[in-house]
2 protein chains.
Amino acid sequence: MAETTAASPKATSKKMRRQEAEALILSAAEKVFAEAGFGGATMQLIADVAGLPKANLHYYFPTKELLYRQVVQNIFQIWLQAADIFDQAEGPEEGIGAYIDAKMEISRRHADGSKVWASEVMHGAPVIQDYLETTLTEWTNGRIEVIERWIAEGRMAPIDPRHLLYMLWATTQHYADFGHQIDTLNGGTPLDDKQWEAAKSNIKSIILRGIGAIK
Amino acid sequence: MAETTAASPKATSKKMRRQEAEALILSAAEKVFAEAGFGGATMQLIADVAGLPKANLHYYFPTKELLYRQVVQNIFQIWLQAADIFDQAEGPEEGIGAYIDAKMEISRRHADGSKVWASEVMHGAPVIQDYLETTLTEWTNGRIEVIERWIAEGRMAPIDPRHLLYMLWATTQHYADFGHQIDTLNGGTPLDDKQWEAAKSNIKSIILRGIGAIK
DNA sequence: TCTGAATTTGACCATACGGTCAGGATGGCC
DNA sequence: GGCCATCCTGACCGTATGGTCAAATTCAGA
């Protein structure tokens with residue numbers, strides 16, 4: 001709001017305004033797609049949330065599917081970034097522990113995006129199937145190698161890396177996708193800072209102990 | 001009204017046909033809702049899958065929402081049934097192990113229902129919020145008591161029962177909700193019997209060891 | 001100040017949707 | 001057979017949706 005009259009004269013260039021408009025629409029779209037699903041979301045509602053006329057949405061994103069695709073790709077990028085932490089680690093305790101922290105942070109900060117991603121995969125990945133087959137497959141195989149090396153080095157128990165990864169994804173993603181259920185069981189209020197820390201701590205404790213990475 | 005033929009073993013009585021028709025519709029609806037979500041599903045498509053005229057659906061289920069509500073309630077019942085195993089157990093290894101087996105079986109046999117349930121919760125539980133607040137809350141609190149007793153008895157490590165339950169739900173549910181992703185990472189083919197056994201075995205191994213229920 | 005490209009928008013359109021209804025078919029029971 | 005409740009269904013309706021378009025507005029650069 002207060003940014004419209006920013007000090008920089010380049011603050012509201014044509015290009016800048018386009019980026020801002022697209023970001024505004026994408027943000028609104030992410031929220032609406034998360035709450036209603038692709039089929040239940042309407043361009044009118046997204047427009048209302050963004051505070052723009054519906055026709056303006058179609059100027060930046062010609063079709064609903066194109067807008068949706070962009071939202072899904074955005075969250076996939078964030079999802080993948082958490083991977084870096086895995087590689088930089090020197091062992092399972094540090095690597096997997098940090099990965100859990102990173103993915104829990106994503107679940108908290110990008111809950112809507114996580115839901116859109118979950119919804120997309122649940123419905124058969126109609127628009128990002130190619131990502132699953134290429135990027136995600138490569139990423140997964142790379143991580144499997146790392147885990148297998150840790151196992152070979154005797155730094156953790158010989159479990160199937162695939163199912164460990166699924167457990168990591170499932171558990172962390174659950175706090176976003178099923179956040180409403182968790183909130184309800186928490187007396188109707190979202191988890192506070194302390195409870196999020198407890199969640200991370202418990203998950204790390206169980207999994208790291210479970211794979212023999214800590215005593 | 002139709003009590004007169006209560007004991008009759010007729011194969012295709014009026015009552016029987018009604019039950020069969022409703023079951024047929026519910027089955028088709030579960031599939032379509034799972035694939036398209038509530039908003040994306042259409043009564044016409046459900047009718048096509050069921051092999052019935054659309055108007056016939058509205059005879060048995062007046063509105064789309066009523067049909068959807070029934071589908072969600074059905075899967076919730078199955079979901080809750082797995083709970084019994086928890087109570088009958090005499091310790092964490094048996095109880096939690098059997099619970100994982102039961103929930104994995106649900107993910108495999110009722111993948112569509114699981115997806116509908118996930119979708120419902122993800123979108124804020126618009127039609128089963130009362131279930132979350134009553135039945136699910138009671139069930140959860142009961143199970144928390146059991147786990148706390150196990151902890152007090154020194155049969156498992158002192159972890160937060162809530163987050164353990166979330167992990168159990170998340171991990172098992174993941175094999176249904178993200179089944180498409182898992183299949184893709186499995187080379188495009190569904191998990192076979194052996195792989196499902198491996199999944200269950202790995203999950204039990206990590207979690208039971210992680211909570212100190214087994215060495 | 002003028003110009004042209006980028007942007008904004010209300011009005012509009014074809015379609016698909018959930019739901020209705022009247023009338024016909026079916027089948028159990030006397 | 002005759003009756004009646006139950007069941008079935010093609011045709012229909014009002015509405016909401018994704019998308020279009022031409023006219024109006026904005027604004028950087030000459």
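Residue numbers start from 1 in every chain, and the chains themselves are labelled A, B, ... in the order their sequence lines are given, proteins ahead of strands.
At distances below 3.5 Å, at least one donor-acceptor pair connects side-chain atoms of A:S114 with backbone N or O atoms of A:H110. Looking at A:S119, its side chain never comes within 3.5 Å of a backbone N or O of A:K115 through a donor-acceptor pair.
Proximity of A:Y59 to the phosphate of C:dT8: no side-chain N or O atom is located under 4.0 Å from OP1 or OP2. Residue A:R18 has a polar side-chain atom (N or O) positioned under 4.0 Å from OP1 or OP2 of C:dT7.
Rounded to whole Å, the distance from CD on B:Q44 to C1' on C:dT15 is 14 Å. The distance between atom CG of A:D48 and atom C1' of D:dT17, rounded to the nearest whole Å, is 13 Å. Spacing between atom CZ of B:F61 and atom P of C:dG19 amounts to 13 Å, rounded to whole angstrom units. Atom CG of B:L57 and atom C1' of C:dC17 are 14 Å apart (whole Å). Between the P atom of D:dA16 and the CG atom of A:L45 lies a distance of 14 Å, rounded to the nearest Å. Per the geometry, CG belonging to A:L66 stands 14 Å off P belonging to D:dG18, to the nearest Å. Remark: P of D:dT6 and CG of B:N56 are 16 Å apart, rounded to the nearest angstrom. In this structure, CD of B:E20 is placed 11 Å from P of D:dC8, rounded to the nearest angstrom.
In the displayed structure, A:K64 atom NZ is contacted under 6.0 Å by more than 12 heavy atoms of other residues, nucleotides or ligands. The neighbour count for B:E105 CD, taken as heavy atoms of other residues, nucleotides or ligands under 6.0 Å away, is above 12.
Distance from the side chain of B:H58 is smallest for C:dG19 among the nucleotides D:dT20, D:dT9, C:dG19. The side chain of B:T63 lies closest to C:dG19 when the candidates are D:dG10, D:dC21, C:dG19. Listed nucleotides D:dC21, C:dG18, D:dT9 differ in distance to B:M43; the shortest reach to its side chain belongs to C:dG18.
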Show your working on ring pair (Phe, Tyr, Trp, His ring centres under 6.0 Å) between A:Y68 and A:W117 and close with a plain yes or no. CA-CA 10 Å; A:Y68 173 75; A:W117 173 259; over 10 Å; no
Which is it for A:F86 and A:W150 under the ring pair (Phe, Tyr, Trp, His ring centres under 6.0 Å) test, yes or no, and what are the steps along the way? CA-CA 12 Å; A:F86 221 113; A:W150 286 337; 5.8 Å; yes
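Within 4.0 Å (heavy atoms only), A:Y60 reaches sugar-phosphate atoms of the nucleic acid but no base atom. Counting non-hydrogen atoms under 4.0 angstrom, A:A41 reaches the backbone sugars and phosphates but no base.
Using five terminal pairs a side, the axes of the helix from C:dT1-D:dA30 to C:dC30-D:dG1 at its two ends make an angle of 10°, given in steps of 10 degrees.
Applying the 3.5 Å distance criterion, the base of C:dG19 shares no donor-acceptor pair with the side chain of B:K64.
Ring orientation note: the planes of A:H163 and A:Y166 are nearly perpendicular, at an angle over 60° on the 30°/60° scale.
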